[in-house]
Structure formats: C-alpha cells, structure tokens
Amino acid sequence: MKILSAEFIKSAAAPAGYPRGGLPEIAFCGRSNVGKSSLINTLLTRRRLAQTSKTPGKTRTLNFFLINDAFYFVDLPGYGYARTGRTLRKSWGKMVETYLSGRSALRGAVLLIDIRHSPTALDRQMKEWLDCYGHSVMVAATKEDKIGSQAARRSLGRISEELPLRGDQPLIPFSSKTGRGKDRLWSALDTCLRTAPGG
Ligand SMILES: Nc1nc2c(ncn2[C@@H]2O[C@H](COP(=O)(O)OP(=O)(O)OP(=O)(O)O)[C@@H](O)[C@H]2O)c(=O)[nH]1
Ligand SMILES: [Mg+2]
C-alpha cells in the first residue's frame with residue numbers, strides 16, 4: 001500500500017463523535033503498552049502520528065486516522081493497565097464495546113499480543129468479542145525483535161492455541177523496531193478493506 005496521506009482526524013469516546021461519511025475502518029486493539037500506536041506509525045511510515053509512550057494508558061479514547069482519504073485506522077485505548085481504577089475500566093468497556101458492536105464502517109480488527117507473553121484473560125475476551133460481532137480478525141505478535149527465532153516460533157504456537165485462532169485468522173510476527181511483518185500485515189489489511197461489509 002502506498003501511503004499518500006495520513007492524518008489524525010479526531011478523538012471520540014461515543015458514537016456522536018465518530019467521523020461521518022461511511023469510509024471503511026480498521027481497529028487496532030490490545031493490552032496497554034503492547035505497541036498499538038507504534039505499529040500504526042510503522043504501517044504508515046510516520047514517526048509520531050499516533051502518540052506512543054513508555055507510560056501505559058496513554059491512549060484513552062478512540063483515535064481516528066484518515067489514510068489516503070480512503071479509510072480510517074482506529075487506535076483503541078489499551079486494556080489491562082493495573083493502575084486503572086474501576087470507574088475508568090467500566091467506561092473503557094462501554095466505549096470499546098459500543099464501537100465494536102455498533103460501528104457499521106468497521107471492516108476488521110488487528111489484535112496485538114506481545115510475542116513474549118501468553119494471551120491474558122482480557123486478550124481472550126477481546127478475541128471473543130471480535131468473533132462474536134463477526135469482525136475479521138488479524139493478530140500481530142508485537143515486539144518480535146525482543147526474542148530469538150526459536151522462542152518466537154514456540155510463542156506463536158502458544159498464542160494461536162490459547163486465543164484461540166481459526167485457520168483463516170492470520171497471525172503475523174511484527175516489530176516496529178525492524179519493520180518485520182509490515183508487508184504481511186498490509187496485505188492482510190488490503191484484503192480486509194476490499195471485502196464488502198458482511199462479505
Ligand atoms: N523493542 C520494541 N519496542 C516496542 C515495539 N513496539 C512498541 N515498543 C515500545 O513499547 C512501548 C509502548 O508502545 P506504544 O506503541 O505506546 O503502546 P500502546 O499499545 O499504544 O500503549 P497504550 O496507548 O498505552 O495502550 C514504547 O516504549 C515503544 O517504544 C517493538 O516492536 N519493539
Ligand atoms: Mg497508544
């Protein structure tokens with residue numbers, strides 16, 4: 001995919017704030033600090049379009065990025081940040097579930113899992129939501145540069161088994177540091193964006 005333009009459009013917490021116009025959307029979801037914003041920047045070859053941080057919980061609302069005036073990337077707030085209070089967790093759940101359950105422009109979701117760890121209960125719940133709402137799911141196993149190739153292979157097997165993943169749901173080792181997995185993920189996204197809603 002050639003990126004001709006990529007711009008931050010807006011943040012929103014509720015449907016009234018989502019962009020209008022019906023362009024297709026791809027959502028990026030995963031645990032806080034797993035590398036969502038970094039992965040978006042890597043895909044778009046923009047260094048600081050999506051804000052990244054060493055402090056987990058940086059992204060707190062849905063952030064919409066318009067690409068090539070043709071589709072949106074949606075950076076979802078991360079889950080599982082230990083210091084998040086109950087009230088915030090509740091508002092997070094409502095914000096994300098409202099989006100995933102009701103957004104007709106949504107064509108697919110990239111679920112990010114740190115390649116060094118087993119999926120958590122929240123990762124499995126997120127996967128279940130995505131399946132349950134019938135979204136195309138792609139999994140990016142992030143921070144691949146941080147482990148060796150043998151450990152990576154074992155880890156991919158474990159992720160696939162524990163989420164669990166179906167045969168038609170791609171699992172792509174990814175590194176925002178080296179760019180590994182970028183082409184594979186783009187090709188999966190391409191397919192997804194070409195697919196008619198519900199098709
Ligand atoms: N080595 C390495 N570090 C990464 C990679 N991806 C992200 N990081 C680092 O991990 C930290 C978190 O990255 P973010 O992209 O901000 O994570 P996020 O999922 O957007 O986090 P929240 O917005 O808090 O949910 C930052 O310090 C990044 O530099 C990667 O592929 N390799
Ligand atoms: Mg982020």
Side-chain angles (χ1 to χ4, degrees), residues 6-13 17 25-67 72-85 87-97 99-100 108-127 129-130 137-149 151-153 155-156 159 163 170-186 188-189:
E7 53 179 324
F8 170 72
I9 298 296
K10 63 190 329 198
S11 286
E25 293 173 1
I26 302 279
F28 295 81
C29 39
R31 187 172 65 69
S32 189
N33 211 42
V34 69
K36 296 176 294 297
S37 303
S38 303
L39 176 139
I40 289 175
N41 289 335
T42 301
L43 286 175
L44 300 175
T45 54
R46 299 294 193 277
R47 275 181 142 201
R48 275 184 283 271
L49 186 65
Q51 279 194 36
T52 63
S53 167
K54 285 193 181 5
T55 318
K58 183 83 186 167
T59 312
R60 293 241 165 124
T61 49
L62 313 178
N63 288 325
F64 293 84
F65 299 90
L66 178 61
I67 325 300
Y72 286 96
F73 276 1
V74 188
D75 191 3
L76 299 186
Y79 47 80
Y81 177 37
R83 279 166 63 194
T84 305
T87 314
L88 202 63
R89 255 201 310 272
K90 246 176 115 172
S91 67
W92 175 89
K94 190 165 187 298
M95 182 161 57
V96 172
E97 198 170 9
Y99 175 78
L100 294 177
V110 179
L111 175 61
L112 287 78
I113 308 280
D114 189 319
I115 199 165
R116 297 167 300 171
H117 307 300
S118 288
T120 65
L122 290 172
D123 290 327
R124 291 200 304 273
Q125 186 191 71
M126 177 55 79
K127 170 68 166 53
W129 278 2
L130 295 172
V137 178
M138 295 146 275
V139 175
T142 62
K143 310 196 184 183
E144 182 270 345
D145 57 282
K146 290 195 180 227
I147 62 169
S149 56
R153 255 196 312 279
S155 200
L156 291 171
I159 290 170
L163 266 178
L171 171 60
I172 302 168
F174 193 94
S175 167
S176 292
K177 209 167 163 186
T178 65
R180 166 103 198 264
K182 185 178 152 180
D183 292 348
R184 262 188 82 190
L185 184 52
W186 261 125
L189 292 171

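Counting starts at 1 for both ligands and their atoms, in listed order.
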Heavy-atom proximity to atom 15 (O) of ligand 1, best of G78, A140, P77, S38: S38

S37 near the Mg ion (ligand 2) via N/O/S, less than 2.8 Å: yes

All side-chain contact (heavy atoms from CB on, under 4.5 Å) counterparts of S175, not counting sequence neighbours: E144, D145, K177, T178, R180

Any N or O of D145 closer than 3.5 Å to N or O of ligand 1: yes

Numbering as shown, the atoms of ligand 1 that approach S175 to under 4.0 Å (heavy-atom distance): 31 (O)

4.0 Å heavy-atom contact, G30 with ligand 1: no

Among K143, K36, R31, closest by any non-hydrogen atom to atom 10 (O) of ligand 1: K143

Any N or O of S37 closer than 3.5 Å to N or O of ligand 1: yes

K146: numbered ligand 1 atoms lying under 4.0 Å from its heavy atoms: 1 (N), 2 (C), 3 (N)

F8 vs R46, side chain to side chain contact (heavy atoms under 4.5 Å, CB included): CA-CA, chis, key distance, verdict: CA-CA 11 Å; F8 170 72; R46 299 294 193 277; over 6 Å; no

G181, G35, A141, G179: member with heavy atom nearest to atom 17 (O) of ligand 1: G35

Gap separating the OH atom of Y79 from the SG atom of C29, nearest 0.5 angstrom: 6.5 Å

Any N33 heavy atom less than 4.0 Å from ligand 1: yes

Geometric class of the F73/F28 ring pair [parallel <30°, tilted 30-60°, perpendicular >60°]: perpendicular

